Amino acid sequence: MQDVLILGAGIVGIATGIHLLKRGRSVTLVDKNQPGRETSYGNAGIIQREGVRPHPFPRDLTTLMQVGLHLSTAARYEPLALPRIAPPLLKYWWASSPEHYRHVVESYAPLIGRSIETHEALIKEVGPEAEKLISKDGWYLVFRTAEKLQREAAKAEGDREKFNIHHEVVDWAGLKALEPDLIGGLVGGIHWTDPWTVRDPGALVASYFALFQKLGGTFVSGEADGLTQSGDTWQTRIGGTLYSAKQAVVALGPWAPEVLDRLGYRLPLFVKRGYHMHYKPQPGAKLDHLLLDAEVGYVLAPMAQGIRLTTGAEFALRDALPTPVQIGKAEAAAKEVFPLGDRVDPQPWKGARPCTPDMMPIISKAPKHEGLFVGVGHAHHGFTLGPATGELLAQMMTGEATAIDVNPFRMGRFLHG
């Protein structure tokens with residue numbers, strides 16, 4: 001019998017396993033797929049130290065009408081999914097009110113503050129294989145209108161004063177000097193200087209998994225048949241074999257309800273689906289820095305596989321068939337800014353981000369069971385917060401003082417009225 005059984009081998013599960021192994025615990029990690037190839041794989045590759053403001057539900061009428069009429073590139077919804085997803089979306093809308101959102105940001109900022117430090121510790125331990133994937137030059141939030149750039153720059157200045165997050169405002173000439181192959185359509189941008197970017201997020205997560213194995217962790221490939229508690233142990237059956245441990249962690253991202261519902265934890269989780277596609281640049285063109293087109297809602301990121309274009313959010317059921325219409329809209333908008341060439345991938349990649357209505361993850365002991373812990377609901381920041389979440393869960397599970405206050409992320413906030 002192991003000390004800990006972790007369900008889910010995304011970045012949260014892998015990082016939790018590493019931190020527990022470093023504290024002397026024996027760990028079995030379980031996943032039906034290759035580690036780090038689901039939600040952890042398809043992202044923009046930013047370790048978002050600046051991301052103290054999780055994505056709120058839009059509340060202005062113009063944006064809501066654009067989304068409602070399927071005119072937005074940044075967000076769309078699947079009408080047939082609305083009966084299922086409407087209740088958590090209404091709670092999401094409520095939590096996005098200015099008063100509630102201020103409290104969210106204040107609680108969320110210390111967690112984001114752990115992002116660079118916890119990634120850096122793992123990267124150093126992995127060594128050159130991981131270090132070569134990292135750029136510490138930050139990224140650029142770019143704008144098409146001066147009014148919106150000025151508005152965001154004022155917000156960025158407030159975040160610098162309150163959260164010690166650094167930035168520089170650049171005009172079109174500055175962007176053009178930085179990226180000579182930009183075509184136009186932009187007035188300038190905000191250079192967030194604190195975050196790191198990753199040229200192959202999947203490879204970085206794979207290097208963390210290799211560290212997990214190097215430290216003595218065990219990986220079992222297969223689909224776990226839920227979790228059951230027997231006395232003071234937790235058990236799951238995989239392909240006919242029973243695995244037991246003193247403690248268990250659910251880090252299954254959007255698949256967590258399949259385990260938690262059966263244990264009596266019906267959480268208001270929903271998913272934001274997203275897509276990406278890789279492109280070649282036009283002959284002679286080159287993109288060196290990550291750009292997020294703030295007024296359209298897509299990212300262009302230089303990756304090992306090509307230039308990755310990522311879409312905004314799609315509100316749909318997790319397992320519904322892909323509807324990658326946002327890729328086409330984002331591609332057309334991106335070609336106004338940069339000379340994208342041919343598509344590299346045969347079809348768009350699709351993933352599902354697990355979300356909570358209050359925009360904050362669940363990093364917590366399960367309130368009704370001894371020895372059960374949960375790390376889910378990271379939305380757009382799962383890649384950023386995986387190592388920080390793993391650190392906090394390991395500290396809770398071993399009785400250490402946690403690096404930050406974990407009370408805002410307790411599971412019970414969704415279970416009591």
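Count residues from 1 along the sequence. Bear in mind the structure is a predicted one, so any value in this text is a computation, not a measurement.
- Counting heavy atoms from C-beta on, the side chains of R273 and K350 come closer than 4.5 Å.
- Atom CD of E400 has more than 12 heavy atoms from other residues, nucleotides or ligands within 6.0 Å.
- Minimum interatomic distance between P354 and T39 (heavy atoms only, all atoms of both residues): CD-CG2, 4.4 Å.
- Of all heavy-atom pairs spanning L290 and A301, the tightest one is CD1-CB, 3.5 Å.
- Residues W192 and P195 share a closest heavy-atom pair of O-CD, 3.4 Å.
- Rounding to the nearest 0.5 angstrom, the gap separating the OG1 atom in T197 from the CD1 atom in I134 is 7.5 Å.
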Is there a side-chain contact (heavy atoms from CB on, under 4.5 Å) between H55 and Y92? Walk through the geometry before answering.
CA-CA 10 Å; H55 292 268; Y92 180 20; 4.2 Å; yes
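- By the 4.0 Å N-to-carboxylate-O rule, E314 lies too far from K272 to be salt-bridged with it.
- Under the 4.0 Å criterion applied to side-chain N and carboxylate O atoms, K124 and E120 are assigned as salt-bridge partners.
- Among residues two or more places apart in sequence or in another chain, the salt bridge (charged side-chain N to carboxylate O under 4.0 Å, His left out) test is passed with R53 by D159.
- Between the CD1 atom of I190 and the CD atom of E157 there is a distance of 10.5 Å, given to the nearest 0.5 Å.
- The backbone N or O of T384 lies less than 3.5 Å from no partner atom in the side chain of S115, so there is not a single donor-acceptor pair.
- E50 and H167 are not linked by any side-chain donor-acceptor pair at a separation below 3.5 angstrom, with hydrogens and angles left out of the test.
- A side-chain donor from one of Q2 and T28 sits under 3.5 Å from a side-chain acceptor of the other.
- Taking 4.5 Å as the limit, some side-chain heavy atom of T356 sits within range of a side-chain heavy atom of F414.
- Closest of all the heavy-atom pairs between G45 and P201 is CA-CG, 3.7 Å.
- Between Y208 and I18, the closest side-chain pair of non-hydrogen atoms falls below 4.5 Å.
- Judged purely by distance below 3.5 Å, without hydrogens or angles, the side chains of E331 and Y298 never pair a donor atom with an acceptor atom.
- Proximity of the aromatic rings of F212 and H19 is defined here by a centroid distance below 6.0 angstrom, and this criterion is not met.
- In this structure, CG on D137 lies 9.5 Å from CG on D288, to the nearest 0.5 angstrom.
- Looking only at distances, no side-chain donor or acceptor of Y275 sits under 3.5 Å from a matching main-chain atom of P322.
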Audit row: L291, V299, side-chain contact (heavy atoms from CB on, under 4.5 Å) steps and yes/no:
CA-CA 6 Å; L291 308 177; V299 168; over 6 Å; no
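- Checked for salt-bridge contact, D293 and R144 meet the test: a charged N lies under 4.0 Å from a carboxylate O.
- The aromatic rings of H289 and Y140 sit perpendicular, their planes meeting at an angle over 60°, well past the 30° parallel limit.
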Steps toward ring pair (Phe, Tyr, Trp, His ring centres under 6.0 Å) verdict (H100, W94):
CA-CA 8 Å; H100 285 85; W94 176 256; 5.3 Å; yes
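- Counting only heavy atoms from C-beta outward, the side chains of I307 and H278 never approach each other to under 4.5 Å.
- Note that the OG1 atom of T323 and the CG atom of L321 stand 9.0 Å from one another [nearest 0.5 Å].
- Counting only distance, with no hydrogens or angles, the side chain of T389 and the backbone of V12 share no donor-acceptor pair below 3.5 Å.
- At distances below 3.5 Å, not a single donor-acceptor pair connects side-chain atoms of Q235 with backbone N or O atoms of S230.
- F219 and F209 have their aromatic ring centers within a separation under 6.0 angstrom.
- Using a 3.5 Å distance cut-off with no hydrogens or angles, the side chains of D3 and Q247 do not pair a donor with an acceptor.
- By the 4.5 Å heavy-atom criterion applied to side chains, R410 and L415 are not counted as neighbours.
- For the pair D194 (side chain) and R49 (backbone), a donor-acceptor distance under 3.5 Å is absent.
- For the atom pair CG of L178 and NE2 of H191, the computed distance is 7.5 Å after rounding to the nearest 0.5 Å.
- A salt bridge is defined here as a Lys NZ or Arg NE, NH1 or NH2 lying under 4.0 Å from an Asp or Glu carboxylate O, and E125 with K214 fails to meet this definition.
- You'll find the ring centres of H369 and W234 inside the 6.0 Å limit.
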Given side-chain contact (heavy atoms from CB on, under 4.5 Å), test F338 with L186 step by step and report yes or no.
CA-CA 11 Å; F338 180 83; L186 303 173; over 6 Å; no
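- The neighbour count for K286 NZ, taken as heavy atoms of other residues, nucleotides or ligands under 6.0 Å away, does not exceed 12.
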Evaluate the salt bridge (Lys or Arg N to Asp or Glu O under 4.0 Å) criterion for residues K91 and D358: first the C-alpha distance (whole Å), next the side-chain angles of each, then the deciding distance (0.1 Å), finally the verdict.
CA-CA 7 Å; K91 294 177 182 178; D358 65 3; over 6 Å; no
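- The backbone N or O of P56 lies less than 3.5 Å from no partner atom in the side chain of S96, so there is not a single donor-acceptor pair.
- Under a 4.0 Å N-O distance rule, the pair K132/D200 does not qualify as a salt bridge.
- Other residues, nucleotides and ligands contribute over 12 non-hydrogen atoms within 6.0 Å of the CZ atom of R23.
- There is no side-chain donor-acceptor pair under 3.5 Å between T228 and R237.
- The pair D261-R266 meets the salt-bridge criterion, since a charged nitrogen lies less than 4.0 angstrom from a carboxylate oxygen.
- Proximity of a side-chain donor or acceptor of R413 to a complementary backbone N or O of F409 within less than 3.5 Å is detected.
- Remark: the backbone N or O of L385 is not paired with any side-chain donor or acceptor of H119 at under 3.5 angstrom.
- Proximity of V250 to L372: side-chain heavy atoms (C-beta onward) are separated by under 4.5 Å at one or more points.
- Put simply, the side chain of L300 reaches to within 4.5 Å of the side chain of L340, judged on heavy atoms.
- The CZ atom of F373 sits 14.5 Å away from the CD1 atom of I362 when rounded to the nearest 0.5 Å.
- In this structure a side-chain-to-backbone donor-acceptor pair under 3.5 Å is missing from D345 to P348.
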Assess whether side-chain contact (heavy atoms from CB on, under 4.5 Å) is satisfied between Q305 and V344, documenting all intermediate values.
CA-CA 8 Å; Q305 302 94 328; V344 174; 5.8 Å; no
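- At least one test fails for R353 against the ring of F315: distance under 6.0 Å to the centre or angle within 45° of the axis.
- Counting all heavy atoms, side chain and backbone alike, M397 lies closest to V4 at CE-CG1, 3.7 Å.
- Minimum interatomic distance between A333 and V296 (heavy atoms only, all atoms of both residues): CB-CG1, 3.7 Å.
- With hydrogens and angles disregarded, no donor-acceptor distance shorter than 3.5 Å links the side chain of T236 to the backbone of Y243.
- Remark: K155 pairs with E152 by the salt bridge (charged side-chain N to carboxylate O under 4.0 Å, His left out) rule, at least two apart or across chains.
- Contact of the V104 side chain with the P54 side chain is registered, since non-hydrogen atoms from C-beta on lie closer than 4.5 Å.
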